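The figures here come from the full heavy-atom set of this structure, side chains too, leaving out hydrogens, waters and symmetry mates. A quick note: this is a predicted structure, and the numbers were derived from the prediction, not measured.
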Amino acid sequence: MSDGNKTVAQKPHCIRYLSRDLLQSLQLSVKEIVASIEHLILGQNLQQAWSAPKVVITPPDGRYMMATLAAADNPPFLAVKALVLNPDNPKQGFESINALMILLDSHSGLPLAIIDGNWVTAARTAGLSAVAAKRLARPDASIAAFIGCGVQAHSHLQALAAMFPLKQIQAFGRGTASRDAFCRSAEKLGLMAIASQTAQEAVSNADLIVTSVTLAPQLVPFLDARWLKPGAFVTMTDLAAPWLVESMSAFDRIIVDDLKQEASLPKPLVDPALVCGDLTSLVTGDAAGRRTGDERTAFVFRGLAIGDLAVAGLAYQRACESSQGTMID
């Protein structure tokens with residue numbers, strides 16, 4: 001992070017473009033990303049960081065459009081992200097989700113960087129899950145299940161493998177090619193990889209479960225929380241859309257990312273009566289994390305703007321320190 005209100009030196013008329021390949025080359029660690037997110041979450045309590053509820057547009061053709069806004073005094077950045085999810089994109093050879101981020105100086109408003117939003121979205125989503133897992137998962141978790149084997153599965157695999165003593169992963173996805181590619185990625189990390197034939201087979205004995213099912217109007221819930229063993233932790237990056245609503249009471253503890261954001265939106269992620277707190281209260285200790293080894297816990301989230309800011313700001317600072325990125329005059 002930067003010191004106080006000082007931004008890493010850069011000519012005020014220059015904007016730094018950070019591509020996906022460059023961002024990947026920075027090799028930000030899970031520990032660094034988690035620390036950056038926690039720093040800004042705590043900063044919100046000190047009135048040194050702020051975020052607005054996300055704005056969403058859902059056209060009738062199944063697209064999902066979203067924008068986030070977050071700012072901080074330390075580091076002195078403001079981040080805006082715009083994102084479009086289109087389930088039809090793969091038919092045209094595009095990724096399902098595409099996004100772009102703009103980073104400004106939070107005091108002057110001068111533009112600092114244009115940043116690939118796809119990389120930031122993957123990194124910050126896994127980072128938010130990691131912040132929750134640090135407090136809600138069993139520290140001895142050794143088996144991880146992945147429902148959905150796309151970008152989020154890969155980013156979460158890297159994060160969870162860095163945090164827990166994983167030995168085995170179990171993957172279930174509708175596309176066998178993406179599932180098999182994901183299993184090969186796990187094997188490269190030294191993990192045993194099993195391609196599960198059913199979702200229930202994948203999750204029933206897992207300690208950690210990541211669901212990242214692509215949102216689509218025709219999605220029918222097919223995951224049952226009652227399949228989970230005692231002690232399991234689930235992170236749901238897909239708005240809990242593939243989970244059976246009637247099964248959610250099987251969780252002993254559910255945390256969402258932002259209670260204020262939930263209150264501002266017409267449809268809650270889960271029944272508010274089942275929610276024990278949000279990520280901020282979890283980090284500050286106002287909401288309890290895992291209390292017993294047998295608790296089934298879940299983190300259900302839409303995506304926290306402060307997480308986008310934490311990852312984008314960290315990447316920008318690292319790029320400045322190493323004089324990387326394309327300078328736009």
Side-chain angles (χ1 to χ4, degrees), residues 29-35 37-38 41 123 125-149 152-172 182-196 198-212 223-237 240 243 247-248 250-257 274 276-279 281-301:
S29 70
V30 175
K31 184 177 180 180
E32 289 175 311
I33 290 173
V34 166
I37 293 173
E38 291 175 342
I41 285 176
T125 305
L128 292 171
S129 291
V131 171
K134 181 178 171 181
R135 295 161 172 85
L136 292 171
R138 289 176 58 108
D140 60 353
S142 60
I143 299 175
F146 295 82
I147 307 300
C149 301
Q152 288 299 341
H154 284 271
S155 63
H156 278 73
L157 172 62
Q158 295 291 331
L160 296 177
M163 294 178 65
F164 297 95
L166 294 187
K167 297 178 180 178
Q168 178 175 305
I169 67 99
Q170 293 153 186
F172 175 79
F182 179 70
C183 286
R184 288 193 295 272
S185 294
E187 289 170 345
K188 289 179 181 178
L189 295 176
L191 304 175
M192 178 182 291
I194 297 173
S196 301
T198 67
Q200 183 173 1
E201 178 185 311
V203 305
S204 59
N205 71 327
D207 304 304
L208 306 169
I209 298 97
V210 179
T211 67
S212 56
L223 296 173
D224 194 324
R226 292 165 292 199
W227 295 340
L228 305 177
K229 73 175 187 179
F233 164 72
V234 183
T235 182
M236 305 177 189
T237 75
W243 289 86
S247 76
M248 296 298 282
F251 287 107
D252 298 290
R253 187 165 298 279
I254 296 177
I255 297 292
V256 297
D257 49 354
L274 300 176
C276 299
D278 62 11
L279 197 60
S281 60
L282 193 63
V283 171
T284 61
D286 292 332
R290 173 175 291 277
R291 294 183 296 186
T292 70
D294 289 340
E295 276 190 322
R296 295 181 181 89
T297 59
F299 178 47
V300 189
F301 62 121

* Indicate the atoms forming the closest heavy-atom contact of Ala171 with Cys149, along with that distance. => CB-SG, 3.9 Å
* Asked: Under the 3.5 angstrom rule, does the side chain of Asp278 hit a backbone N or O of Val256 as a donor-acceptor pair?
  -> no
* Asked: Hey, are the side chains of Gln152 and Val210 touching, using non-hydrogen atoms and a 4.5 Å cut-off?
  -> no
* Distance, nearest 0.5 Å, that separates CZ of Arg296 from CZ of Arg226 -> 11.0 Å
* Should Phe301 and Thr125 be marked as a side-chain contact (heavy atoms from CB on, under 4.5 Å) after you check the CA-CA gap, both sets of side-chain angles, and the distance that decides it? -> CA-CA 9 Å; Phe301 62 121; Thr125 305; 3.7 Å; yes
Below 3.5 Å, can you tabulate the donor-acceptor pairs from side chains in residues 157-169 to any protein atom, sequence neighbours excluded?
| residue | atom | partner | partner atom | Å |
| --- | --- | --- | --- | --- |
| Gln168 | NE2 | Gln170 | OE1 | 2.6 |

* What is the distance from atom CE of Met248 to atom CG of Asp224, rounded to the nearest 0.5 Å? -> 10.5 Å
* Kindly say whether Leu136 contributes a backbone atom to a donor-acceptor pair with the side chain of Thr297 at under 3.5 angstrom? => yes
* **Rounded distance (nearest 0.5 Å) linking atom CE of Met236 with atom CZ of Phe299** => 11.0 Å
* Is Asp257 reaching over with its side chain to a backbone N or O of Leu279, donor-acceptor style, under 3.5 angstrom? -> no
* **Closest contact, heavy atoms only, Ala288 versus Leu282** => O-CD1, 3.7 Å
* **Interatomic distance, His156 atom NE2 to Ile209 atom CD1 [nearest 0.5 angstrom]** => 12.5 Å
* Minimum heavy-atom distance Cys276-Ala287, with the two atoms named -> O-CB, 4.0 Å
* To do: Kindly say whether Ala298 contributes a backbone atom to a donor-acceptor pair with the side chain of Thr235 at under 3.5 angstrom?
  => no
* Donor + acceptor pair across side chains of Asp294, Thr292 (<3.5 Å) -> no
* What's the shortest heavy-atom distance between Val300 and Ala240, and which atoms? -> CG1-CB, 3.7 Å
* Residue pair Phe172, Val203: steps toward the side-chain contact (heavy atoms from CB on, under 4.5 Å) verdict -> CA-CA 9 Å; Phe172 175 79; Val203 305; over 6 Å; no
* Chi angles and distances behind the side-chain contact (heavy atoms from CB on, under 4.5 Å) call for Phe251, Val234 -> CA-CA 10 Å; Phe251 287 107; Val234 183; 3.8 Å; yes
* To do: Would you name the heavy atoms of Lys229 and Asn205 that are closest together and state the gap between them?
  => NZ-O, 3.4 Å
* **Any donor-acceptor pair under 3.5 Å from Arg253 side chain to Arg290 backbone** => no
* Structure fact -> Here the gap from Cys183 atom SG to Phe146 atom CZ, rounded to the nearest 0.5 Å, amounts to 10.0 Å
* Residues in side-chain contact (heavy atoms from CB on, under 4.5 Å) contact with Ser29, at least two apart in sequence or another chain -> Lys31, Glu32
* Work out which heavy atom in Ala199 is nearest to a heavy atom in Leu223; give both atom names and the distance. => CB-CD2, 3.6 Å
* When rounded to the nearest 0.5 angstrom, what is the spacing between CD1 in Ile147 and OG in Ser212? -> 9.0 Å
